[in-house]
Amino acid sequence: MKIEKVGVVGCGLMGHGIVQVAAQGGCTVVALETEQAYLDTGLGRIEKSIAKLASKGVEKGKMSEEEAKAWAATVQGRITGTTNRADLADCDLVVEAIVEDLGAKKELFTALGEICKAETIFASNTSSFPVAEMAEASGRPERFVGLHFFNPVQLMRLVEVVRTDKTDEDVYAEARAFGEACGKTPVSCKDTPGFVVNRLLVPYMVQAINMFDRGDASAADIDAAMQLGCGHPMGPLTLTDYVGLDTTLSILEGWCERYPDEPAFGIPESLRTKVAEGKLGRKTGEGYYTWDGDKRS
Ligand code: CAA
Ligand code: NAD
C-alpha cells in the first residue's frame, strides 16, 4: 500500500509542520483540530512557512520565481482542514500530534479505530508515552507506529520511527518510507521512554533549569556556554522555551509517575511554577526568556 492520503490530528506547533512536510512530500493531507480558530492559526502558519521556503528557494537559485509560485500553490492545494473526525475515515495514514496527555491520546485512537478504514495506519508523534498503550487503545496494534518528528518540523531532518512488539513489518516499512517522503532521515527506535533523542535531551534540559534555579549562572550564560562551547544551535533554556514548558512538564510528569526511581527525570521547581503561571515559553511570549513573536526579545 502506498501512503497517499494522510490525516494529521492537532495543528499546533508540531501538527502544522507535519501537515506541511507531508504535503511537500506529495500526499493529500487533512488537518483535524478541535476548533476552527486553532485550525485557522495552524493553516496560517503553514501558509507563511511555505511562502518563506519558496522565497528561499528563489534566493538560493534553486527555483525561478514562477516555479516557486507554482510549487507553493501545489503544496498548499494538497492541504485541507476539518473539525470533524469522520473526515479522516479514508486516510492511508493518520499521524496524531495533540497535547502530551496519554488519556486524550488513547480516547482519540479508540475513536479513530472505529472511524477509519481497516487498512489505515496509525502513528503517534508522542515525545514520551509508550506507543504500545496507544496501539492497544486503537484496536489495531499491528498497524500502529511512533513517528516522532522534531521541532521545527520544516527544518529538522530527523524522524524517529518507533515499533512495538506487535508492529507489522510492512506497516513499519511504510512508515519509514513516509518519513523519507517527508524529506526526513528515519532512525529505528524501540518503544522506550523518550526513544533516542528525548531520553538524552530532556534530562539535559532539566540539568540546565536546575543550574538556573540554583543561580549557578544566568540563563543567557548557560545558553551561550552550550552554543559556543559545544556548538549547539540553541542553548538548553532557549530550547525549553522553544519546545514549550507545558510539553516539557508533561513529558517529565509521565516519566516520574512510571519511573519514580530514575534521578534523571526529576522536575525542576521553576518549571512547575512557570507552567502554573501560564508562562509556557515562546508560544505565550514568556518562559525562561521573553519573546517577541518568534524571536527572543
Ligand atoms: N518554516 C520555514 N522557514 C523557517 C521556519 C519554518 N518553520 N523556522 C525558521 N525558518 C527560517 C527562518 O525564517 C530563517 O530564515 P532566514 O535565514 O531567511 O532569516 C532560517 O529558517 C533560520 O532560522 P533562525 O534565523 O530563526 O535561526 P537558526 O539559524 O538558529 O535556525 C533552528 C533555527 C533550525 C531551529 C536552529 O536554531 C536549531 O536547529 N535549533 C535546535 C532545535 C532543536 O533542537 N529541536 C529539537 C527540539 S526537541 C524535539 O523536537 C523533540 C520533542 O519531543 C520535545
Ligand atoms: P501544541 O499544544 O502546540 O498543539 C497541540 C494541538 O492539538 C492544539 O492545537 C490543540 O488544539 C490540538 N488538540 C488537542 N486535543 C485534540 C484533539 N482531541 N483532537 C484534535 N486536536 C486536538 O503541542 P505540540 O508542541 O504541537 O505537541 C504535540 C505533540 O507532539 C505532543 O505529543 C508533544 O509531546 C509532541 N512533540 C512536541 C515537540 C515540541 O517541541 N513541542 C516535539 C516533538 C514532539
Side-chain angles (χ1 to χ4, degrees), residues 7-21 24 30-43 45-60 81-85 88 94-112 123-129 131 134 146-160 194-202 204-205 223 226-227 231-236 238-252 254 280-284 293-296:
V8 178
V9 190
C11 200
L13 198 57
M14 295 304 290
H16 90 276
I18 299 169
V19 169
Q20 183 178 332
V21 295
Q24 288 173 200
V30 185
L32 172 71
E33 258 292 349
T34 48
E35 288 180 31
Q36 190 62 41
Y38 299 146
L39 193 54
D40 292 343
T41 304
L43 296 177
R45 292 178 86 171
I46 292 170
E47 209 175 316
K48 268 198 196 154
S49 175
I50 290 174
K52 178 81 195 173
L53 296 178
S55 78
K56 283 203 116 173
V58 175
E59 231 173 74
K60 289 186 175 165
T82 184
T83 54
N84 182 0
R85 286 178 175 178
L88 302 189
V94 174
V95 185
E96 167 274 315
I98 71 168
V99 281
E100 190 71 348
D101 174 329
L102 187 57
K105 287 178 192 288
K106 282 162 96 171
E107 182 281 325
L108 174 76
F109 280 117
T110 302
L112 290 176
S124 173
N125 185 53
T126 182
S127 297
S128 60
F129 291 126
V131 174
M134 292 175 270
L147 271 175
H148 187 218
F149 288 88
F150 291 83
N151 177 20
V153 180
Q154 293 90 340
L155 304 186
M156 304 312 283
R157 294 179 298 165
L158 180 70
V159 63
E160 291 177 325
F195 318 124
V196 174
V197 171
N198 283 346
R199 182 66 179 84
L200 295 169
L201 185 67
V202 176
Y204 153 73
M205 288 154 69
D223 280 358
M226 293 312 291
Q227 283 184 280
H232 289 196
M234 267 177 189
T238 303
L239 188 59
T240 306
D241 274 6
Y242 204 75
V243 165
L245 274 59
D246 51 344
T247 301
T248 308
L249 180 61
S250 297
I251 292 169
L252 286 165
L280 308 184
R282 191 175 68 144
K283 60 182 152 187
T284 57
D294 283 351
K295 301 275 171 208
R296 250 174 60 186

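This one's a predicted model, so the numbers in the text were calculated from it and none came from an experiment. Whatever order the structure lists ligands and atoms in, that order sets their numbers, starting from 1.
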TODO: Measure the distances from the heavy atoms of H148 to every atom of ligand 2 and state whether one is below 4.0 angstrom.
DONE: yes
Open item on the list: Checking side-chain polar atoms at under 3.5 Å, does H16 have a donor or acceptor matched by the opposite partner on E47?
Closed with: no
Open item on the list: For the OG1 atom of T248 and the CG atom of L201, what is their distance to the nearest 0.5 Å?
Closed with: 9.0 Å
- [ ] Look only at the side chain of T238 and the backbone of M234, and say whether a donor-acceptor pair between them is shorter than 3.5 Å.
- [x] no
- [ ] Please work out whether any backbone atom (N, CA, C, O) or any side-chain heavy atom from C-beta onward of T247 is under 4.0 Å from ligand 2, and answer side chain, backbone, both or neither.
- [x] side chain
Task: Nearest atoms (heavy-atom pairs only) where V8 meets G15 - done: CG1-O, 3.8 Å
Open item on the list: Just to check, does G244 reach to within less than 4.0 Å of ligand 2 when the distance is taken from its heavy atoms?
Closed with: no
TODO: May I ask you to identify the nearest protein heavy atom to atom 27 (O) of ligand 2, giving residue, atom name and distance to one decimal place in Å?
DONE: M14 CG, 4.0 Å
TODO: Could you list which atoms of ligand 2 come closer than 4.0 Å to a heavy atom of V9?
DONE: 19 (N), 20 (C)
- [ ] Among all protein heavy atoms, pick the one closest to atom 6 (C) of ligand 2 and tell me residue, atom and distance.
- [x] E33 OE2, 3.6 Å
TODO: Taking only heavy atoms of T34 into account, list the atoms of ligand 2 that are under 4.0 Å away from them.
DONE: 11 (O), 16 (C), 17 (C), 19 (N), 20 (C), 21 (N), 22 (C)
Open item on the list: Working note: H232 + L239, criterion side-chain contact (heavy atoms from CB on, under 4.5 Å); need CA distance, chi angles, decisive distance, verdict.
Closed with: CA-CA 10 Å; H232 289 196; L239 188 59; over 6 Å; no
TODO: Pull out every atom of ligand 2 sitting under 4.0 Å from any heavy atom of F149, numbered as shown with elements.
DONE: 43 (C)
Open item on the list: If we only consider heavy atoms of F129, is any one of them less than 4.0 Å away from an atom in ligand 2?
Closed with: no
Open item on the list: Using a 4.0 Å cut-off to any heavy atom of S127, which atoms of ligand 2 qualify?
Closed with: 33 (C), 34 (O), 35 (C), 36 (N), 37 (C), 43 (C), 44 (C)
Open item on the list: Just verifying a value: how many Å separate Q154 CD and Q24 CD, rounded to the nearest 0.5 Å?
Closed with: 7.5 Å
Task: Region of K283 that comes within reach of ligand 2 [heavy atoms, distance under 4.0 Å] - done: side chain
TODO: In sequence, state the C-alpha distance, the side-chain angles, and the governing distance for N198 and E160, and then conclude on side-chain contact (heavy atoms from CB on, under 4.5 Å).
DONE: CA-CA 11 Å; N198 283 346; E160 291 177 325; 5.9 Å; no
TODO: Write out the residue and atom name of the closest protein heavy atom to atom 32 (O) of ligand 2, then the distance separating them to 0.1 Å.
DONE: E100 OE1, 2.5 Å
Open item on the list: Determine whether a donor-acceptor pair (N or O, by modelled atom type, separation under 3.5 Å) exists between the side chain of E33 and the backbone of G10.
Closed with: no
TODO: List the atom of T83, the atom of L32, and the distance in Å for their closest heavy-atom pair.
DONE: C-CD1, 3.6 Å
Open item on the list: Can you report which non-hydrogen protein atom sits closest to atom 30 (O) of ligand 2, along with the distance?
Closed with: N125 ND2, 2.9 Å
Open item on the list: Does this structure show an ion pair linking R296 with D241, if we count only N-O contacts that are shorter than 4.0 Å?
Closed with: no
TODO: Locate the shortest heavy-atom distance separating L102 from F129; write the atom from each residue and the value.
DONE: N-CE1, 3.4 Å
Open item on the list: Please report whether ligand 2 has a polar contact with E96, defined as an N or O pair separated by less than 3.5 Å (distance criterion only).
Closed with: no
Open item on the list: Among all protein heavy atoms in this structure, tell me which lies nearest to atom 41 (N) of ligand 2, with the distance rounded to 0.1 Å.
Closed with: V243 O, 2.8 Å
- [ ] For ligand 1, list the protein residues that place a heavy atom within a distance below 4.0 Å of one of its atoms, sorted by chain and number.
- [x] S49, K52, L53, K56, S127, H148, F150, N151, P152, Q154, L155, M156, N198, L201, P233, M234, L239, Y242, V243, K295
Open item on the list: I'd like to know if the side chain of E96 reaches the main chain of K105, judged simply by a donor and an acceptor atom lying under 3.5 Å from each other, with no hydrogens or angles considered.
Closed with: no
TODO: Answer side chain, backbone, both or neither: which part of F150 comes under 4.0 Å from ligand 2, heavy atoms only.
DONE: neither
TODO: Can you spot which of N125, T247, T126 makes a side-chain hydrogen bond (donor to acceptor under 3.5 Å, both in side chains) with E100?
DONE: T126
Task: Minimum-distance protein heavy atom relative to atom 4 (O) of ligand 2 - done: G12 CA, 3.4 Å
Open item on the list: For atom 18 (N) of ligand 2, what is the closest protein heavy atom, and at what distance to 0.1 Å?
Closed with: R85 NH2, 3.8 Å
Task: Side chain, backbone, both or neither: E35 near ligand 2, heavy atoms under 4.0 Å - done: neither
- [ ] Determine, using heavy atoms of K105 and all atoms of ligand 2, whether some pair is separated by less than 4.0 Å.
- [x] yes
Task: Closest approach of S127 to H148 (non-hydrogen atoms, all atoms of both residues) - done: CA-NE2, 3.8 Å
- [ ] Pick whichever of I98, T41, L13 has a heavy atom sitting closest to atom 31 (C) of ligand 2.
- [x] I98
Task: side-chain contact (heavy atoms from CB on, under 4.5 Å) between V9 and F109, worked out - done: CA-CA 10 Å; V9 190; F109 280 117; over 6 Å; no
Open item on the list: Looking at every non-hydrogen atom in both residues, tell me the closest pair between L252 and V202 and how far apart they are.
Closed with: CD2-CG1, 3.9 Å
Task: For the student: nearest non-hydrogen atoms of Y204 and P236, plus distance - done: OH-CD, 3.3 Å
Task: Identity and separation of the nearest protein heavy atom to atom 40 (O) of ligand 2 - done: N151 ND2, 3.1 Å
